[in-house]
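What follows is one structure encoded as structure tokens, with my remarks underneath.
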Amino acid sequence: MTPPTGLQPAALLGEFERYLRLERGRSEHTIRAYLTDLRHLESHLLSAGLDQWSEVGLADLRTWLASIDAAGGARSTVSRRAASARAFFGWAARTQRLPGDPAVRLISPRRHRTLPGVLRQAEADRLLDVAAVAADDAVPTHLRDRAMLELLYASGIRVGELCGLDVDDLDRDARVVRVTGKGNKQRVVPYGVPAAEAIDHWLTRGRPSVVAPTSPPALFLGARGGRIDPRTVRRVLTALLQEVPDAPHLGPHGLRHSAATHLLEGGADLRTVQELLGHASLSTTQIYTHVSVERLRSSFAKAHPRA
């Protein structure tokens with residue numbers, strides 16, 4: 001007898017995928033992560049002799065997570081897979097596709113929160129000065145690079161959000177940008193005078209030189225007229241950071257971390273920073289307070305005679 005290749009009903013994962021895409025508006029990357037986790041679970045359950053989703057119990061899910069941990073899986077992996085199972089079984093129970101939710105009491109291991117790498121304010125200033133000097137030659141891509149980095153640091157937006165911006169998303173008079181974040185949620189984020197100046201130079205002197213008849217309405221374009229992509233932004237940042245002595249190696253997300261940290265160090269409250277960054281939970285924003293406290297502790301240890 002041929003062993004089953006999936007739990008019954010076989011269509012359940014496909015229906016969950018459609019729910020994530022059409023009702024929740026999740027990105028393709030997020031959907032792929034959910035399905036990868038759930039297919040791993042399905043394979044484990046089949047090997048344990050189960051062939052129905054309705055037969056799965058809390059003990060089965062705990063055994064699954066324990067097997068991941070025993071195989072050397074990172075704590076973050078175990079936590080993510082537990083979250084995927086909770087989302088899946090919660091949806092199936094709410095929509096009465098399954099009689100109950102076995103994952104309702106499934107607890108994830110607490111993830112180790114690592115402090116994100118950030119630039120010091122002087123290093124951020126130096127980075128943007130380097131970009132400004134490079135843009136003095138009026139080469140379109142250099143004007144673009146300066147504008148991208150100024151906007152990333154000024155607004156704290158994600159690199160994917162930056163690449164998704166269209167020209168019409170800017171309100172140049174009010175110095176705000178309309179950003180489409182995770183889950184297609186929109187927010188309005190302000191930016192300062194230096195970023196406004198850099199963007200104006202790009203739009204008036206740089207972008208017209210690279211825009212093509214087939215170009216999208218993207219705010220930032222590549223040298224051939226297509227929408228800029230995150231890999232290009234990363235390459236630009238990596239190259240310019242080499243001109244900043246002792247600066248840590250950061251990707252574009254590091255500028256987001258830096259912006260958030262510097263806002264808090266400057267006196268902004270957590271709720272404001274949460275709204276600017278587009279965090280769904282305040283606990284996500286709170287990690288930046290740890291960065292500030294760690295710096296304070298380091299300065300104290302170096303400077304105080306009784307440290």
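Because the structure is predicted, anything quoted here is derived from the model rather than measured.
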Evaluate the side-chain proximity of [Y] to [X]: yes if any heavy-atom separation is below 4.5 Å, no if none is.
{"X": "Asp69", "Y": "Arg75", "answer": "no"}
{"X": "Val233", "Y": "Leu152", "answer": "yes"}
{"X": "Ile157", "Y": "Leu165", "answer": "yes"}
{"X": "Trp202", "Y": "Leu151", "answer": "no"}
{"X": "Phe89", "Y": "Leu61", "answer": "yes"}
{"X": "Val159", "Y": "Leu255", "answer": "no"}
{"X": "Arg205", "Y": "Pro140", "answer": "no"}
{"X": "Arg39", "Y": "Leu13", "answer": "yes"}

Looking only at non-hydrogen atoms, find the nearest pair between [X] and [Y] and report the distance.
{"X": "Leu119", "Y": "Ala247", "value": "CD2-CB, 4.1 Å"}
{"X": "Leu65", "Y": "Ala82", "value": "CD1-CB, 3.8 Å"}
{"X": "Leu203", "Y": "Leu170", "value": "CD1-CD1, 4.1 Å"}
{"X": "Thr141", "Y": "Ala223", "value": "CG2-CB, 4.3 Å"}
{"X": "Val177", "Y": "Tyr191", "value": "N-CE2, 4.1 Å"}
{"X": "Glu15", "Y": "Arg97", "value": "OE1-NE, 2.7 Å"}

[X] and [Y] ion-paired at < 4.0 Å:
{"X": "Glu28", "Y": "Arg21", "value": "yes"}
{"X": "Arg146", "Y": "Glu197", "value": "yes"}
{"X": "Arg187", "Y": "Glu161", "value": "yes"}

Could you check whether any side-chain N or O of [X] sits under 3.5 Å from a backbone N or O of [Y], counting only pairs where one atom can act as donor and the other as acceptor?
{"X": "Ser215", "Y": "Gly225", "result": "yes"}
{"X": "Ser67", "Y": "Trp64", "result": "yes"}
{"X": "Arg144", "Y": "Gly206", "result": "no"}
{"X": "Thr238", "Y": "Arg235", "result": "no"}
{"X": "Arg158", "Y": "Gly181", "result": "no"}
{"X": "Asp166", "Y": "Asp169", "result": "no"}
{"X": "His262", "Y": "Ser258", "result": "yes"}

Side-chain donor-acceptor contact under 3.5 Å, [X] with [Y]:
{"X": "Ser27", "Y": "Thr30", "value": "yes"}
{"X": "Asp60", "Y": "Thr63", "value": "no"}
{"X": "Arg81", "Y": "Ser84", "value": "no"}

Original post:
Given the rule in the side-chain contact (heavy atoms from CB on, under 4.5 Å) test, do Leu7 and Gln52 qualify, once you have shown the distances and angles that lead to the verdict?
Top reply: CA-CA 5 Å; Leu7 271 63; Gln52 299 284 332; over 6 Å; no
Subject >> Intermediate values then yes/no, side-chain contact (heavy atoms from CB on, under 4.5 Å), Val179 and Val188 >> reply: CA-CA 6 Å; Val179 178; Val188 175; over 6 Å; no
Working to the nearest 0.5 Å, report the span between [atom1] of [X] and [atom2] of [Y].
{"X": "Arg126", "Y": "Leu241", "atom1": "CZ", "atom2": "CG", "answer": "11.5 Å"}
{"X": "Leu20", "Y": "Leu35", "atom1": "CG", "atom2": "CG", "answer": "7.0 Å"}
{"X": "Arg26", "Y": "Glu17", "atom1": "CZ", "atom2": "CD", "answer": "14.5 Å"}
{"X": "Thr95", "Y": "Phe16", "atom1": "OG1", "atom2": "CZ", "answer": "10.0 Å"}
{"X": "Asp51", "Y": "Gln8", "atom1": "CG", "atom2": "CD", "answer": "7.5 Å"}
{"X": "Asp101", "Y": "Leu98", "atom1": "CG", "atom2": "CG", "answer": "8.5 Å"}

For atom [atom1] of [X], decide whether the heavy atoms of other residues, nucleotides or ligands shown that lie under 6.0 angstrom number more than 12.
{"X": "Gln96", "atom1": "CD", "result": "no"}
{"X": "Asp136", "atom1": "CG", "result": "yes"}
{"X": "Arg231", "atom1": "CZ", "result": "no"}

Subject >> Ring centre gap for Trp53 and Phe88 strictly below 6.0 Å >> reply: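 Ring-ring flag for Trp53/Phe88: true, centres closer than 6.0 Å.
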Original post:
Taking the six-membered ring where the residue is Trp, are the ring centres of His253 and His257 under 6.0 Å apart?
Top reply: yes
**OP:** Could you check Asp171 against Asp173 for side-chain contact (heavy atoms from CB on, under 4.5 Å), going step by step and ending with a plain yes or no?
**Re:** CA-CA 6 Å; Asp171 184 334; Asp173 292 331; 3.7 Å; yes
Is there a path from [X] to [Y] through hydrophobic residues (I, L, V, M, F, W, Y) whose side chains come within less than 4.5 Å of each other?
{"X": "Leu219", "Y": "Val176", "answer": "no"}
{"X": "Leu45", "Y": "Leu58", "answer": "yes"}
{"X": "Met148", "Y": "Val139", "answer": "no"}

**OP:** Evaluate the side-chain contact (heavy atoms from CB on, under 4.5 Å) criterion for residues Asp37 and Arg80: first the C-alpha distance (whole Å), next the side-chain angles of each, then the deciding distance (0.1 Å), finally the verdict.
**Re:** CA-CA 8 Å; Asp37 292 341; Arg80 191 199 69 230; 2.6 Å; yes
